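Note on naming: letters A, B, ... go to the chains in the order of the sequence lines (proteins, then strands), and numbering restarts at 1 for each one. Please read these numbers as outputs of a predicted model, since none were measured by experiment.
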Number of protein chains: 2
Amino acid sequence: MMEPPLKDRVTLVDIASDAGVSRATVSLVLRNVSSVAPSTRKRVLQSISRLGYVYHRGAANLRTQRSHAIGLIVSDITNPFFAEIIIAIEDWLGSAGLVTILGNTSENPEKQQRLLKSLSEYPADGILICPTQCSITDAGSLAGRLPPVVAFTRPLNGVDYAGVNNVAGSELAIDHLAALGHRHIAFIGGPSSLSSAQQRSLGYRQGLEKNGIPFREDLVIEQAPNRKGGFQGLTTALTLSPAPTAAVCFNDVVALGAIEALRSSGKEPGRDFSIVGFNNIADAHFGGLTTVDTSPAKIGEAAADLLLHRIKEPTAPVRQVILIPRLIVRESTARDHARSE
Amino acid sequence: MMEPPLKDRVTLVDIASDAGVSRATVSLVLRNVSSVAPSTRKRVLQSISRLGYVYHRGAANLRTQRSHAIGLIVSDITNPFFAEIIIAIEDWLGSAGLVTILGNTSENPEKQQRLLKSLSEYPADGILICPTQCSITDAGSLAGRLPPVVAFTRPLNGVDYAGVNNVAGSELAIDHLAALGHRHIAFIGGPSSLSSAQQRSLGYRQGLEKNGIPFREDLVIEQAPNRKGGFQGLTTALTLSPAPTAAVCFNDVVALGAIEALRSSGKEPGRDFSIVGFNNIADAHFGGLTTVDTSPAKIGEAAADLLLHRIKEPTAPVRQVILIPRLIVRESTARDHARSE
DNA sequence: CTCGGTTATTAGATCGATCTAATCGTAGTC
DNA sequence: GACTACGATTAGATCGATCTAATAACCGAG
């Protein structure tokens with residue numbers, strides 16, 4: 001039942017003596033170097049599978065000074081937006097022969113510090129990070145000595161960055177709602193400690209101004225960036241007067257929570273109230289949510305690309321990739337009642 | 001601006017020569033061995049911080065044959081149920097001085113294979129895994145030679161396992177609904193390729209029988225275990241006749257999708273139709289969902305414990321920890337209309 | 001002054017791979 | 001037949017830590 005015990009690991013030496021060659025030759029076979037004679041290669045491969053050899057990457061890393069592993073630190077794996085970024089990054093790096101080590105901070109700066117330490121001790125070849133909210137915005141203060149770092153979604157001074165133009169995104173949403181005749185538009189925003197929340201809030205104001213809609217302080221409602229926040233935010237919005245007829249939400253999860261609040265007060269999204277989300281996660285499509293597409297997969301790919309370049313050219317000037325969002329119109333937005341009828 | 005380049009790594013030798021001691025002594029200081037004289041320890045520590053030394057765990061691992069890292073493979077990080085397990089495991093292992101390397105298979109057996117290979121090559125000290133659906137149920141066929149493995153949530157022949165009694169969980173749900181007078185209870189289940197779905201389905205049947213409720217084939221609706229699946233499943237359920245008055249869902253996410261379907265057809269959960277979920281994720285509390293609490297955090301801790309023991313005693317007999325679920329009653333369930341009025 | 005007994009320190013081997021530079025055959029060329 | 005050229009293979013050093021066993025330093029006891 002039990003296979004031969006793991007204790008005494010099979011190493012290059014064992015393979016070498018079994019196949020009657022030297023360690024070096026076995027190593028050449030493992031790395032697919034072409035100079036090995038076909039007959040020896042075959043013999044070595046047979047020994048490898050017969051003895052059940054497992055490559056020891058750690059040992060190789062020590063010698064080559066490369067781990068072929070990159071660390072990916074996100075602030076909340078539960079968030080579908082991040083999940084899509086993660087999958088894109090894993091795929092992209094995987095096809096470049098790199099392994100992704102995933103770490104979750106749960107927005108906790110201490111955990112982030114621990115993860116960074118682990119990754120630089122490992123050591124990883126590079127780090128992709130979405131810094132925790134409220135955390136230092138300066139790369140230097142992150143930790144002692146780090147492998148190349150690229151930030152995504154939330155920028156970090158002095159390092160490469162991949163993200164989306166949040167200001168433009170909010171403006172798209174407002175333009176759309178304004179065109180539908182809405183004049184009282186709430187903004188159910190995320191915590192203002194998040195740079196993305198600040199930017200989306202700014203875009204909201206600029207969008208209103210551009211469309212000649214007066215800004216109302218009370219329509220800006222700060223909430224936690226989750227389902228519950230959306231629910232409570234919209235519930236609050238409905239108590240205001242004059243009541244808003246539409247809302248732009250910090251992200252899709254917030255928007256879905258807002259829709260829940262709408263329905264539980266007997267209103268139907270699209271018919272009685274318009275809702276716009278942010279990110280275009282999978283559930284947004286299913287829920288018929290109009291949203292600002294920030295293409296998470298593309299952010300992930302851009303970040304991975306930046307990191308690969310940075311690893312190749314550690315001293316190259318810092319770069320930024322800011323993607324342009326686009327609006328996806330679905331059923332959760334419609335013409336304002338009061339004006340259309 | 002730029003710190004001294006990472007290129008030439010500072011090593012033990014550099015510290016040793018700077019502090020005027022040997023490599024061995026520096027190593028003793030790093031590992032907090034007490035035999036070092038306070039004065040030398042201080043001198044070494046000063047050199048360490050002055051030269052900006054970063055510990056090279058990979059090199060140490062090679063010598064000690066332990067990586068202090070364990071691999072955690074889950075089938076879907078987006079699922080809040082897993083997210084809670086992950087956090088519990090990370091905390092538990094972290095306090096035991098171990099680092100957790102997280103991998104996501106997205107229910108893809110190939111990705112699972114790749115991850116297992118990576119982890120055994122790393123090599124990790126142990127692996128915690130929730131196997132992908134449809135995948136082999138036999139540990140031996142997972143990969144060549146693996147470090148100690150513990151499965152959670154979905155069992156694997158021949159290895160330790162931590163999970164919950166799903167059969168009992170479904171029975172709890174049925175008992176509750178039956179006590180409220182419901183006689184037509186749908187089961188919106190996950191894919192039957194999942195062992196947990198099979199068990200919950202079995203518990204559903206047994207629960208009905210126990211309560212003297214006839215089993216109706218058409219009330220068992222198989223769906224994807226996500227929000228959309230719940231929506232569609234409940235939509236289907238409402239077309240049946242006689243129409244069910246309650247439903248047990250495969251998990252909370254499915255249940256939340258089902259609630260969405262209810263509301264969009266003008267029914268209110270709890271008032272017009274009763275819904276029970278599974279797992280008791282954070283959103284269940286917020287959504288007022290009655291659910292079977294499978295205590296994800298406890299599953300995580302149990303699995304981590306099993307792994308720690310297994311690493312200490314690789315040849316100990318295989319163990320299983322099956323947790324007992326309990327029912328959390330909230331607003332989404334109520335007495336059956338037809339009977340109570 | 002020597003000896004045993006601590007305590008603090010260290011030289012050298014070691015983990016399992018890769019890299020460098022050298023070596024061994026064998027064939028080709030003049 | 002000597003010499004070069006080239007393909008296949010290998011011995012030995014190396015990556016950066018830890019471990020073992022030995023050594024140096026010191027102190028008090030006899």
Compute the angle between the rotation axes at the two ends of the helix from C/dC1-D/dG30 to C/dC30-D/dG1, each taken over five pairs, rounded to 10 degrees. 70°
Please work out which residues in residues 13-26 of chain B have a non-hydrogen atom less than 4.0 Å from an atom of DNA chain C and list them by number. B/Val21, B/Ser22, B/Arg23, B/Ala24, B/Thr25
Among residues 34-50 of chain A, which contact DNA chain D at a heavy-atom distance under 4.0 Å? A/Ser35, A/Val36, A/Ala37, A/Thr40
Provide the full list of ring-ring contact (aromatic ring centres under 6.0 Å, His included) pairs with a residue in residues 25-60 of chain B, sequence neighbours left out, each pair given once.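 The answer is none; no pair qualifies.
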Would you mind listing every ring-ring contact (aromatic ring centres under 6.0 Å, His included) that reaches into residues 93-122 of chain B, with sequence neighbours excluded? A/Tyr122-B/Tyr122
Using a heavy-atom cut-off of 4.0 Å across all strands, would you classify A/Leu28 as base, sugar-phosphate, or nothing?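 Base contact - A/Leu28 has a heavy atom under 4.0 Å of at least one base atom.
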Which part of the nucleic acid does B/Ala59 contact within heavy-atom distance under 4.0 Å: base, sugar-phosphate only, or nothing?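 If one applies the 4.0 Å heavy-atom cut-off, B/Ala59 turns out to touch a base.
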Who are the salt bridge (charged side-chain N to carboxylate O under 4.0 Å, His left out) partners of B/Arg310, not counting sequence neighbours? B/Asp160
Sequence neighbours excluded, which residues qualify as salt bridge (charged side-chain N to carboxylate O under 4.0 Å, His left out) partners of B/Arg63?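 With neighbours one apart ignored, the set is empty.
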Residue pairs passing the side chain to side chain donor-acceptor pair (under 3.5 Å) test where at least one lies in residues 81-93 of chain B, sequence neighbours excluded: A/Lys111-B/Glu90, B/Trp92-B/Asp305
So side chain to side chain donor-acceptor pair (under 3.5 Å) across residues 26-45 of chain A, not counting sequence neighbours, yields A/Ser27-A/Arg31
Residues in side-chain hydrogen bond (donor to acceptor under 3.5 Å, both in side chains) with B/Thr64, at least two apart? none
Tell me every residue that passes side-chain hydrogen bond (donor to acceptor under 3.5 Å, both in side chains) with B/Asp76, counting only those two or more places apart in sequence or in another chain. B/Thr78
Is there a side-chain contact between A/Phe152 and A/Ile85, using heavy atoms and a 4.5 Å cut-off?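 A side-chain contact under 4.5 Å exists here.
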Side chains of [X] and [Y], donor plus acceptor under 3.5 Å:
{"X": "A/Ser106", "Y": "A/Asn108", "value": "no"}
{"X": "A/Asn61", "Y": "A/Ser67", "value": "no"}
{"X": "B/Ser193", "Y": "B/Gln133", "value": "yes"}

Is a salt bridge present between A/Glu110 and A/Lys117, judged by a nitrogen-to-oxygen distance below 4.0 Å? no
Quick check for you: name the first and last nucleotides of DNA chain D, 5' to 3', having an atom under 4.0 Å from a heavy atom of chain A. D/dA8 to D/dG16
